[in-house]
Structure formats: structure tokens, C-alpha cells
Amino acid sequence: MGTLSPFNSPVVKLERLFEAPNIEIFAKLDLLQLSGSTKERTAGSLIDAFMKSGELKPGGMVIESTSGNLGIALSRQCVVRGIQFVAVVDENANKSAIDIMRAYGATVDLVVNQPDGNKLAARRQRVQQLLAENPGAVTTNQYGSPNNPRAHYSSTMPEILDALDGNLDMLFVATSTTGTILGCQNYIREHGLDTKLVAVDALGSVLFGGESGNRRLPGLGAGIVPELALQAEPDRVFRISEIEMVRGCRALARSEGILAGASTGAIVAAMGQMLPEIPDGSRIAFLVHDSGVPYLHSVYNDQWMRQTLGEQPESECISALEDQPVQ
């Protein structure tokens, strides 16, 4: 399938997550990226493009709105290039993610008390203010830059296909900026592949015609429609509630020993809903977008689950997933 990128991560076959002996399920472990998520690819592509154009040089400054993972990845990418990084976050940002950004030397700018509750719009407005205050600074604009999907066109999709000998019926991808799914979509279309793309979104996200609502877990969904999303045309869309994300995370950890973040838990929930309609003999894959370590005090914490979601922990997560109705 061609030369693989330096971001190549393992693809593993899962045998215990679901009772589906006639369907092959594969996970691409992007939680093993150096910065802990698939955003390592995005950050590398965004920074490389700016440096190649000459708009950004060592000693320069990058300012970006982030809910966590891209901020961590940009912090790492900037520090090895001698670039200053300012992460604009809101109060939903994971505390562990903020701590990691600061550990890399990033400046964290917290936006609070948005009058309309639209955290993403407020973060993006703050980015523009900081750009005006810091002449010469740039924003990588993960929501609109073609270098976001380009990272996944050039690495994510070809790596998955290479690992599976080009034989893949369906790919599940969590969505926020939609850069990952758009890059995979572009690769599939340009290479004439039959692989179907399933977008996994958060309940309360406005992507793909969704209705805005309260979202407490970062990294999945959006409060406004990013520019890139206008080009994304998945074959299916699943909207997953936060309790389903939690159950999906715990199911994956307790069956396959993979400790993943909330967006991956949403994918597990979506697969559980769709499984009854997937034909026998199919090969399906999904991205493990990030590590669950920053979510130990939320997704994997029973007290947080009771207090924040109003739900009791369940001893058997997989059966709960399988009981969900098919959309």
C-alpha cells in the first residue's frame, strides 16, 4: 500500500469485546502515539505545513483552540521545534490534559462563563483576540485547515489498509473537527474503495444535523459546524450519550485490556448498536483515538458517574451495550 508514515501504530484483532464470531473486528491503537492520541498526526501535519511555508519559524508562536488532545500534541510538536504554544481551553477540558500541556511548557488560556454556553465558539473568539495581541503568531485552525484531513489521508487510512491487506468493509471514526473522517473519506474515494465510513458523534453535538445540547466529556462532537464538516459525508452517523460512552470505555478495558478515552467508548457503543445488521464475514475496524489515563477521574470513576451522569455503575458493561436498540 506504499510507504508508511512515522506515526504508524499497531492494528490488533479483538476477540472478546462482542459475541460476534463471524465478524472480524480490528482496533488501530493510536493511543500509543507519542502524545497519547491520533492528534499527534494532526499536529505534525499542521505545524509542518506552517514551517514549510515560512509563516512559522523557531521562536514563533502557535495559538490553538483545543479540548485536550490536540493541545497535548501541539505542545509536544512545538517544544521539539523551539516554538511557543498557547492552548485556549474551556472548563470542560480534562485537568490531566491541561497538566500535560503545561508539563511540555505550553501556556494554557482558560475561557470561562460563555454567555450562550457555546464553548467552542468562545474558544475560537479568544484565539482571534490573542492573535491580535501577538503579531506574527499563527493559529493552526484544526477546524478548517486542509492539513488536518491530509494527515489522515497520508497516514491513518493507508496504515489501516496495509495492516489488513487492503480488505476492510467498514471503518468507525469518532468526530469533532471531522478532519480524521474526512481524510479517510478522501482516501477511500480517490482509490475507489468499497469501505463504508461510520461517523460516531456525541448526543448534543451539532455535527451532521444534530441538535445542540450539554456535553460534559471533551473530544467528541462540536457546538458549531466546523468548516471541514461541510465536506464530510459518512455512510452512517451514530449519536452516543455520555453514559453509553462510559459503558463502552469500560467494556473495552475489561474485555480487551485497552484503556481508551471517551470518544473510543462512543465507538464501542455504536458498534454494539450496529452489530446485528453487519453481515457475517465482514471486516470492521475502528480507531482507538486516545488513552483512557486522562479519564481515570471521570469515565472510569464510579463516584463521578453517579454525581455527574446520575447513573449507577454496572458490573457487566458489554451486556448493556448489546441491549441497545439498533438505529
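What you see is a predicted model, and the numbers here were worked out from it, not measured in a lab.
Heavy-atom neighbours of Q303 CD from other residues, nucleotides or ligands within 6.0 Å: at or below the threshold of 12. In the displayed structure, H297 atom NE2 is contacted under 6.0 Å by at most 12 heavy atoms of other residues, nucleotides or ligands. E91 CD: more than 12 foreign heavy atoms inside a 6.0 Å radius. Surrounding CD of Q125 are at most 12 heavy atoms belonging to other residues, nucleotides or ligands under 6.0 Å away. Applying the 6.0 Å contact sphere to CG of D194 captures no more than 12 heavy atoms from other residues, nucleotides or ligands.
Using a 4.5 Å heavy-atom threshold, the side chains of L17 and M271 count as touching. With a 4.5 Å cut-off on side-chain heavy atoms, L14 and I258 count as touching. With a 4.5 Å cut-off on side-chain heavy atoms, T42 and T38 do not count as touching. Annotation: side chain of N8 is in contact with side chain of K28 (closest heavy-atom distance under 4.5 Å). Using a 4.5 Å heavy-atom threshold, the side chains of C78 and I47 count as touching. Contact check for V62 versus V138: side-chain heavy atoms found under the 4.5 Å cut-off. Under the 4.5 Å side-chain criterion, counting only non-hydrogen atoms from C-beta, R306 is in contact with P313. Proximity of R216 to L309: side-chain heavy atoms (C-beta onward) are separated by under 4.5 Å at one or more points.
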Stepwise salt bridge (Lys or Arg N to Asp or Glu O under 4.0 Å) test for E277 and K196:
CA-CA 14 Å; E277 63 182 273; K196 302 298 183 185; over 6 Å; no
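Between the side chain of D162 and the main chain of P158, no donor-acceptor pair closer than 3.5 Å is present. Although no hydrogens or angles enter the test, the distance criterion places no donor-acceptor pair under 3.5 Å between the side chain of E40 and the main chain of D30. The closest donor-acceptor contact from the side chain of S35 to the backbone of I72 lies at 3.5 Å or more, if one exists at all.
Under the salt bridge (charged side-chain N to carboxylate O under 4.0 Å, His left out) rule, D48 has a single partner from R81, R150, R41, which is R81.
Cluster annotation: Y104 is not connected to L74 through the hydrophobic network of ILVMFWY side chains, with a link wherever side-chain heavy atoms come within less than 4.5 Å. Transitive grouping of hydrophobic side chains (ILVMFWY, heavy atoms separated by less than 4.5 Å) keeps V173 and L228 in distinct clusters. Under the 4.5 Å side-chain heavy-atom criterion for grouping Ile, Leu, Val, Met, Phe, Trp and Tyr, I188 is connected to L171 within one hydrophobic cluster. Both F18 and V246 belong to a common hydrophobic cluster when Ile, Leu, Val, Met, Phe, Trp and Tyr are linked at side-chain heavy-atom distances under 4.5 angstrom. No continuous path of ILVMFWY side-chain contacts below 4.5 Å connects Y143 to V86, so the two sit in separate hydrophobic clusters.
Classification of D201 and R239 as a salt-bridged pair holds, one side-chain N sitting under 4.0 Å from a carboxylate O. Between D302 and R250 there is a salt bridge, since a side-chain N of the basic residue sits under 4.0 Å from a carboxylate O of the acidic one. Residues E227 and R124 are paired through a salt bridge, judged by an N-O separation under 4.0 Å between the basic side chain and the carboxylate.
Interatomic distance, OG1 of T66 versus CG of D109, reported as 12.5 Å (0.5 Å rounding). In this structure, CD1 on I63 lies 13.0 Å from CG on N141, to the nearest 0.5 angstrom.
Partners of Q128 under the side chain to side chain donor-acceptor pair (under 3.5 Å) rule, at least two apart in sequence or in another chain, do not exist in this structure.
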